[in-house]
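Presented below is the structure to which this report refers.
We count ligands from 1, going down the list as the structure has it; atoms in each ligand are counted the same way.
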Amino acid sequence: MPITITAANAVPDDAEVVGVPVAEGSNGPEVVGGGAAAAGVDVDALIARLVAESFDPKVGATALVAGLGDDDAPSVIAVGMGDTSALTLDVLRRASAAVVRAAWKRTSVATLVLDAAPAELHRGSAAQAVAEGAALAAYRFTRFKSDPDACTIEAVTVVGKGGKPVAAGVERGATIAGGVALARDLVNTPPGHLSPVAFADIAVETAGAAGIEVEVIDEKQAAKMGLGGIAGVGQGSDNPPRLVKLTYTPEGKARGHVALVGKGITFDSGGLSLKTGEGMMTMKTDMSGAAAVLATMSILPALAPKVAVTAFLCLAENMPSGSAIRPGDVLKIRNGTTVEVLNTDAEGRLVLADGLSLAAEEGVDAIVDLATLTGACLVALGPTIAGLMGNHDGWVDAVGEAAGRAGETVWHLPLPGDYRKMLDSDIADLKNIGGKHAGALPAGLFLQEFVGDVPWVHLDIAGPASVEEDQPHVPKGGTGFGVRTLIEALAGFAKPKGRGQTARQEPTRA
Ligand code: BES
Ligand code: MN
Ligand code: ZN
């Protein structure tokens, strides 16, 4: 049940609990702002209780304190804000999430976390982060639980002065969290319940509800259109592949046109180059890129950025069978490039190659693709950081900065021209695997072959698409990583300038 999040100037009378920000002061914990006192909380008594309990106000720490002030005073959830001189949007997001976690089985919660936002932070963005944190924390995937431990909170009130920007920020945060929840649901859904066809059906339904255009290409049309990557990867499964195209057109004049491309392998067994049992255990999440792209598209009409967006979901199931592609087979991608498939487990780049070719054909100003592309990226950057690669410095920087504002961590990796020869094939234009080392880079270089000279960024989300450890605003499982970054990048979109080819990633090219 999604919670309702609203903005208000004061703590509502019916709030059962109120989240109160507590910072590390020079003489111990300090309540930040006047909201708690205004709500009838005896702040001196609260501090005394926190000191008695040795409460350490590090970011996201919580303590429930009842019986402060008069009988009507709400219970307090003190939430640590850390050192307030280092207070960022992400601290607000995490602290707000921690309040919701601590109030899990309540009904009505007010949060004063916005009081801790420093004046340098944009008030609307701060309110957005607080709303996002609260809504993201309340998410759980309960579809298959007989006795789910779901959050019972129905209403969260974000309390703070700031008028319209705060109200708009709260609404924006709630909308974005709704998108992230859709992506998480898709990622968490078992692969037997989410075939490419089922995913495409959800895309059609979602697009209809959101008011965006949608077109579904089936396996026969895909073959006719020359989508050899999608058709090839999908041919080994009883569940046929799909390509979904979604289009968002803003009202008024657009600042440009962006294409989003998502890897949507609904299950990756590896194909005939079969994975190990352990290697397959998380491979229902191999459609996380497509999930993030669909989720982003679903909230664009509500957020109304002034940019046209065309999205391609490359949906297939990678299975071993008598009809599966074999190591040694050659596929022809949409743009005419032939690829020798030496490892059927490097399937993501094959389906994305078709999606990227179609994106480039649209004549867009910039492309972003999202993909759980390589185990090597997970090895390199770990479970919470995405690899960021691209062919244009300005666009790479823009997407990297958008991720920073969104509180999603990305790290720029190179696409060294020197490594392109790893992909040379004896019999076709390219092969689909590089050498032994740095596997995320040849994968990125492979994708680069299909974008022409359009500014393009590739996010390898193999790590952060799903996590095994809870964070305050990210319960374990599918994370919806990428939705917030894409929304930020689209909201602030400006056409990337110049050719933008990076010197820094081709250091040794003559
Ligand atoms: N979906 C996997 C990548 C992956 C692995 C994502 C682990 C998340 C966690 C991808 O299709 C794959 O299998 N890649 C191969 C490429 C190799 C055969 C060149 C890999 O990373 O091992
Ligand atoms: Mn694979
Ligand atoms: Zn895969």
Side-chain angles (χ1 to χ4, degrees), residues 187-188 191 194 196 199 229-230 232-234 236-237 241 261-292 313-320 324-329 331 339-355 369-387 389 413 419 422-425 430-447 458-469 476-479 481-482:
V187 175
N188 289 331
L194 191 70
F199 196 130
I230 293 173
V233 171
S237 171
V261 181
K263 172 177 173 180
I265 300 297
T266 58
F267 182 68
D268 182 10
S269 70
L272 288 173
S273 310
L274 198 64
K275 288 185 182 296
T276 62
E278 202 186 334
M280 263 181 237
M281 279 200 293
T282 57
M283 284 301 122
K284 71 171 182 182
T285 69
D286 211 20
M287 30 54 70
S288 298
L313 314 179
C314 308
L315 306 170
E317 186 177 45
N318 189 22
M319 295 294 259
I325 45 168
R326 312 147 188 88
D329 275 344
L331 302 177
V339 180
E340 184 185 11
V341 178
L342 288 178
N343 189 321
T344 63
D345 198 11
E347 83 298 338
R349 62 198 76 182
L350 301 172
V351 300
L352 288 169
D354 281 329
D369 79 70
L370 276 90
T372 47
L373 202 61
T374 66
C377 198
L378 174 59
V379 170
L381 299 176
T384 62
I385 304 175
M389 286 151 259
L413 300 174
Y419 288 5
M422 289 183 186
L423 298 170
D424 289 344
S425 159
L430 285 175
K431 57 181 166 120
N432 76 330
I433 48 170
K436 268 193 216 135
H437 305 297
L441 313 187
L445 285 163
F446 183 95
L447 299 181
H458 160 55
L459 286 168
D460 191 332
I461 58 171
S466 59
V467 290
E468 285 168 17
E469 228 172 279
K476 66 180 171 195
T479 61
F481 188 99

Report task. Provide the atom name of the closest N, O or S atom of D268 relative to the Zn ion (ligand 3). Result -> OD2
Query raised in the report: Name of the D286 N, O or S atom nearest the Zn ion (ligand 3)?
Result: OD2
Report task. Check which protein N, O or S atoms are less than 2.8 Å from the Mn ion (ligand 2) and report how many there are. Result -> 4
Report summary line: CG of D460 to CG of L378, rounded to nearest 0.5 Å, is 9.0 Å
Report task. Mind listing the closest non-hydrogen atom pair of D345 and S273 along with its distance? Result -> CB-O, 3.7 Å
**Report entry** Top protein contact for atom 6 (C) of ligand 1, by heavy-atom distance
**Finding:** A462 CB, 3.7 Å
Report summary line: ligand 1 atoms nearer than 4.0 angstrom to some heavy atom of T372 are 1 (N), 2 (C), 3 (C), 6 (C)
Query raised in the report: Below 3.5 angstrom, do we get any N/O pair linking T282 and ligand 1?
Result: no
Query raised in the report: Is it true that some N/O/S atom of D345, main chain or side chain, lies under 2.8 Å from the Zn ion (ligand 3)?
Result: no
Query raised in the report: Hey, what do you get for CE (M319) to CG (L272), rounding to the nearest 0.5 Å?
Result: 11.5 Å
Report summary line: Short version for D345: what comes under 4.0 Å of ligand 1, heavy atoms counted, is both
Report summary line: Looking only at non-hydrogen atoms, the one of S466, P442, G375 nearest atom 4 (C) of ligand 1 is G375
Requested in this report: Mind checking the CG-CD1 spacing from D354 to I230? Nearest 0.5 Å is all I need.
Outcome: 4.5 Å
Report task. Look only at the side chain of R349 and the backbone of N432, and say whether a donor-acceptor pair between them is shorter than 3.5 Å. Result -> yes
Query raised in the report: Is a side-chain N or O of T479 found less than 3.5 angstrom from the main chain of A465, in a donor-acceptor match?
Result: yes
Query raised in the report: Under 3.5 Å, is there a donor-acceptor pair between the side chain of T344 and the main chain of G270?
Result: yes
Requested in this report: May I ask you to list the atoms of ligand 1 that are less than 4.0 angstrom from any heavy atom of E347?
Outcome: 11 (O)
**Report entry** Contact check: L373 to the Zn ion (ligand 3), N/O/S below 2.8 Å
**Finding:** no
Query raised in the report: What N/O/S atom of E347 gets nearest to the Zn ion (ligand 3)?
Result: OE2
Query raised in the report: What do you think, any protein heavy atom under 4.0 angstrom from atom 11 (O) of ligand 1?
Result: yes
Query raised in the report: In ligand 1, which numbered atoms sit nearer than 4.0 Å to a non-hydrogen atom of I433?
Result: 19 (C)
**Report entry** Option nearest atom 9 (C) of ligand 1 (shortest heavy-atom distance, choices K263, M281, M280, M283)
**Finding:** M283
Query - Heavy-atom nearest neighbour in the protein, as seen from atom 1 (N) of ligand 1, with distance rounded to 0.1 Å - result: D286 OD1, 2.8 Å
**Report entry** Interatomic spacing from CG in L331 to CD in E347 - rounded to 0.5 Å
**Finding:** 12.0 Å
Query raised in the report: Just wondering, do F481 and V467 contact through their side chains at under 4.5 Å, heavy atoms?
Result: no
Query raised in the report: Do any nitrogen or oxygen atoms of N343 lie less than 3.5 angstrom from nitrogen or oxygen atoms of ligand 1?
Result: no
Query raised in the report: Is R349 in polar range of ligand 1, meaning some N or O pair under 3.5 Å apart?
Result: no
Query raised in the report: Are the charged groups of D286 and K263 less than 4.0 angstrom apart, N to O?
Result: yes
Report task. May I ask you to check whether D268 has an N/O atom sitting below 3.5 Å from an N/O atom of ligand 1? Result -> yes
Query raised in the report: Got S269 and P320 here, is their nearest side-chain heavy-atom distance under 4.5 Å?
Result: yes
Report summary line: Closest non-hydrogen atoms of P191 and F267, given as atom of the first, atom of the second and distance, are CB-CB, 3.8 Å
Requested in this report: Report the distance from atom OG1 of T285 to atom CG of N188, rounding to the nearest 0.5 Å.
Outcome: 9.5 Å
Query raised in the report: When rounded to the nearest 0.5 angstrom, what distance separates CE in M283 from OG in S466?
Result: 8.0 Å
Query - Within-4.5 Å side-chain heavy-atom neighbours: K476 and E468 - result: no
Query raised in the report: For ligand 1, which atoms, with element, lie under 4.0 Å from some heavy atom of T374?
Result: 3 (C), 21 (O)
